[in-house]
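Input: a single structure, listed below in structure tokens.
All figures in this text were calculated on a predicted structure; none of them were measured in a lab.
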Amino acid sequence: MREPDFEIIVIGGGHAGIEAALAAARMGMSAAMVTMDKNAIGRMSCNPAIGGLAKGQLVREIDALGGEMGLAIDNTGIQFRILNQSKGPAVQARRAQADREEYSKFMSRTVLDQSNLEVIEGQVVDLIIENGQCRGVILDSGEKIDCGAVIVTAGTFLNGLIHIGLEQTRAGRIGEPPAIGLTRRLLSLGIETGRLKTGTPPRLDGRTIDFSKCEIQPGDDPPPYFSNRTLNPRNFEQALCHLTYTNENTHRIIRDNLNSSAMYSGKITGIGPRYCPSIEDKVVRFSERPRHQLFLEPEGINTTEYYLNGFSSSLPGTIQLEALRTVPGLEKVEMNRAGYAIEYDYFPPHQVNITMESKVVPGLYFAGQVNGTSGYEEAAAQGLMAGINAVLKIRGEEPFHLTRSEAYIGVLLDDLVTKSTSEPYRMFTSRAEYRLNLRDDNAEDRLLEKGFALGLVAGGIRENFLRKLESMAKLERFLRDSRVKIPDLSGGGDSMRVINGFEGLKNPGIEFYQEPIYKEGMLRFGREIFSMLANEVRYDGYIKRQNSRIGRMRSLEGFKIPAIIDFSGFKGLKKEATEKLSRFRPETLGQASRISGITPGDITVLMVYLGRG
């Protein structure tokens, strides 16, 4: 048998494909990325932003494991913010506005300069299957490329169909052709497929916007960067975003023209995102609301184009423009490009293992929107995990996975394989039951050593992290040796008592920025270090309770279920449980317990049978 051309082939150059290909190459594998256009690597198909609630945590985790997304946005972002600063640390997250063109250029350079990684322009139309395993791809040119594993990260390109009003265009993205043929091949291999829909808002000419009628949304100073590799802050002036609102006139125009919307005329069959609806959906589903928020987000420093976040639409362009001109600040606006909806093929994710490998075809991995997710961050996280696990399988090593208590990435992958999805999946903090443990500020504490062990985190980055831990220990000693006054609740009146500064962190009545010892602590050790320690101390009781629940779940997570087991032979299982277990093929009792319709009684039956061997 001849040597393969590459050890790993990645289909697609989007956010999932980038992380998968870079991870494989950086772990020492020969890898190839097959994409239709080298210049489109890392292109932001929708909003020019990275991060957000729960998504920011995903980016921080990708970075802690050695991924690229955090560093890319730190180098190309034009505005940085911490969201939910008035709320607790479990639901705070970073978000950055990107320079769309510069972000793609940064990612393209990174991929093209990466050793062990070759970029091939072309379209994959078929797979090479040998002895039931995926062993390569066939391009539209007829060229065959052999490999040890294939990772599919095709985004919205598989049989992509764009809708603007009642007009339809076959495309994977506006101005780019769809990928045809691969879905048919996967169906022939026994893989289920479905159709989903997503959309994007119109792009506006900023020179025709009256920003004086909009609310300013500034960035934070200093900018809260994402990556542990961003050691030297950039010297740049942050861009401004703006907020405006729809009104009853906007809604009336949309309601009067629903019959020309692709979504409401029946032209679209794919299911759209529940949590990021089109403006038509908002007007119909939330008819009681007099207005909806719209964010004006700059596309970059060297362009006057703006992205209108909150106005995704598949109405005809003329109707979109008419509705837009009823919005404060947009009375004279001109559109550079109308919003549109796009339908595409996906593969329900109960068909993959937690490693992202297909349960149907070994050696074939899926990551990103082809698994039914929406969002750059969800895609990148899956791509990173697929790339890592493809390498480990080829090496014959144990797979790498993260549990729900270790990372948002673990929540994402577990949700996909145990719940599947029939609509675009989006990550929220509410999906993570252990979110107080999975904060934005402790991603490195949770995951950096794992990234280092995989060979994806450089020794210098690890040393910086260890110095950070040492600084936190010094800060704790400093605070324990300091004194602070707090109200004496037992004494009544205005009496005060003195405690050490470390214990004072637990007192919710203390304003850290007003107490001299805390201000000194921030000055000496940095606000980031101080904030991490304060969060750990202030929420210690809650975290301990969460850790207790995590401990109880670990016994189920460690209880493996053989892949070839026949659930129909288990007496005592309900019919629904047998059908669900046979369809989802959970890898552990923990996964089985999270499948909809599986009861504690079903888990007990499984434990009895599996305990007997």
Side-chain angles (χ1 to χ4, degrees), residues 15 44 46-64 69-100 102-103 106 201 206 211 214-230 232-245 275-276 293-301 303 305-311 329 375-378 380 408 426-430 435 438-444 512-513 522 526-528 530-532 534-535:
H15 305 282
M44 293 175 143
C46 198
N47 62 316
I50 294 293
L53 302 180
K55 292 169 175 283
Q57 281 90 330
L58 283 173
V59 180
R60 292 278 290 152
E61 291 173 357
I62 291 166
D63 186 73
M69 180 172 269
L71 185 64
I73 188 59
D74 284 358
N75 278 272
T76 61
I78 56 178
Q79 189 200 79
F80 294 80
R81 297 176 65 196
I82 296 285
L83 305 183
N84 274 352
Q85 291 193 62
S86 63
K87 299 183 180 180
V91 293
Q92 294 177 5
R94 298 166 209 229
R95 185 182 189 274
Q97 202 65 33
D99 186 308
R100 185 190 297 275
E102 290 304 314
Y103 184 92
F106 181 95
F211 292 105
C214 308
E215 299 174 27
I216 293 176
Q217 300 279 301
D220 291 347
D221 186 26
Y225 292 115
F226 284 85
S227 179
N228 54 32
R229 286 186 277 167
T230 304
N232 299 312
R234 292 161 52 209
N235 182 21
F236 74 106
E237 183 178 350
Q238 295 199 58
L240 293 175
C241 296
H242 291 80
L243 173 65
T244 186
Y245 297 88
Y275 302 106
C276 189
Q293 286 185 333
L294 299 176
F295 291 93
L296 288 157
E297 301 175 345
E299 297 260 313
I301 294 297
T303 178
E305 189 163 88
Y306 274 74
Y307 175 94
L308 189 59
N309 198 334
F311 202 92
Y376 308 146
E377 302 83 3
E378 290 91 340
Y408 270 89
R426 182 180 180 182
M427 179 53 71
F428 295 101
T429 54
S430 59
R435 55 187 170 274
L438 311 181
R439 302 189 310 276
D440 171 282
D441 67 351
N442 70 356
E444 288 181 280
F512 295 143
Y513 295 99
M522 290 181 208
R527 286 193 178 191
E528 181 186 7
F530 183 90
S531 177
M532 286 179 64
N535 286 337

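In Glu237, the CD atom is not crowded: 12 or fewer heavy atoms of neighbouring residues, nucleotides or ligands sit closer than 6.0 Å.
Between the side chain of Thr303 and the backbone N or O of Glu299, no donor-acceptor pair lies under 3.5 Å. Checked by atom type and distance alone, the side chain of Asp63 pairs as donor or acceptor with a backbone atom of Asn228 at under 3.5 Å. Of the possible polar contacts, none joining the Glu377 side chain to the Val59 backbone as a donor-acceptor pair under 3.5 Å is found. Asn442 places a side-chain N or O within 3.5 Å of a backbone atom of Arg439 that can act as its donor or acceptor partner. A distance-only check finds a donor-acceptor pair linking the side chain of Asp99 to the backbone of Ile301 [under 3.5 Å]. A distance-only check finds a donor-acceptor pair linking the side chain of Tyr376 to the backbone of Asn47 [under 3.5 Å]. Remark: side-chain polar atoms of Arg100 are paired, donor with acceptor, to backbone N or O of Met44 under 3.5 angstrom. Judged by distance alone, the side chain of Gln79 and the main-chain N or O of Ala239 form a donor-acceptor pair under 3.5 Å.
Looking at heavy atoms from C-beta onward, Thr230 lies in side-chain contact with Leu71 at the 4.5 angstrom threshold. Considering only heavy atoms from C-beta on, Tyr408 stays 4.5 Å or farther from Arg60 through its side chain. Residues Leu296 and Cys214 have side chains in contact (heavy-atom distance under 4.5 Å, counting atoms from C-beta outward). Using a 4.5 Å heavy-atom cutoff, the side chains of Gln85 and Asp220 are in contact. Counting only heavy atoms from C-beta outward, the side chains of Leu294 and Leu243 never approach each other to under 4.5 Å. Within the 4.5 Å cutoff, the side chain of Gln217 has no heavy atoms near those of the Leu240 side chain. No side-chain heavy atom of Phe311 sits less than 4.5 Å from a side-chain heavy atom of Gln293.
Closest approach of Pro201 to Leu308, counting heavy atoms only: CB-O, 3.0 Å. In this structure, Phe512 and Ala534 approach most closely via the heavy-atom pair CE1-CB, 3.9 Å. Counting all heavy atoms, side chain and backbone alike, Ala54 lies closest to Ala93 at N-CB, 4.2 Å. The minimum heavy-atom distance between Gly70 and Ser227, with the atom names listed, is C-CB, 3.7 Å.
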Checklist entry - Run the ring pair (Phe, Tyr, Trp, His ring centres under 6.0 Å) check on Tyr306 and Phe211 step by step: do they pass? => result CA-CA 12 Å; Tyr306 274 74; Phe211 292 105; 5.2 Å; yes

Item to check | Check against side-chain contact (heavy atoms from CB on, under 4.5 Å), Ile73 and Tyr103 | outcome: CA-CA 7 Å; Ile73 188 59; Tyr103 184 92; 4.3 Å; yes

Item to check | Ile216 and His242: CA distance, side-chain angles, deciding distance, side-chain contact (heavy atoms from CB on, under 4.5 Å) verdict | outcome: CA-CA 5 Å; Ile216 293 176; His242 291 80; 3.8 Å; yes

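With respect to Glu378 and Lys55, a salt bridge is recorded, a charged nitrogen being found less than 4.0 Å from a carboxylate O.
Using modelled atom types and a 3.5 Å distance limit, the side chains of Asn309 and Glu297 yield a donor-acceptor pair. Gln97 and Arg95 share a donor-acceptor pair across their side chains, judged by distance under 3.5 Å alone.
Test Arg94, Gln92, Gln57 against Asp440 for side chain to side chain donor-acceptor pair (under 3.5 Å) and you get one pass: Arg94.
Shown here are the ring-ring contact (aromatic ring centres under 6.0 Å, His included) partners of Tyr307, two or more places apart in sequence or in another chain: there are none. Scored by the ring-ring contact (aromatic ring centres under 6.0 Å, His included) test, Phe80 finds Tyr225 as partners (sequence neighbours excluded). By the salt bridge (charged side-chain N to carboxylate O under 4.0 Å, His left out) test, Glu528 is found to be paired with Lys468, residues two or more places apart in sequence or in another chain being considered.
A cation-pi arrangement is found for Arg234 relative to Phe236, the charged atom lying closer than 6.0 Å to the ring centre and inside a 45° cone about the ring normal.
In this structure, CG on Asp74 lies 12.0 Å from CG on Asn232, to the nearest 0.5 angstrom. For the atom pair CD1 (Ile50) and CE (Met69), the distance works out to 4.0 Å, reported to the nearest 0.5 Å.
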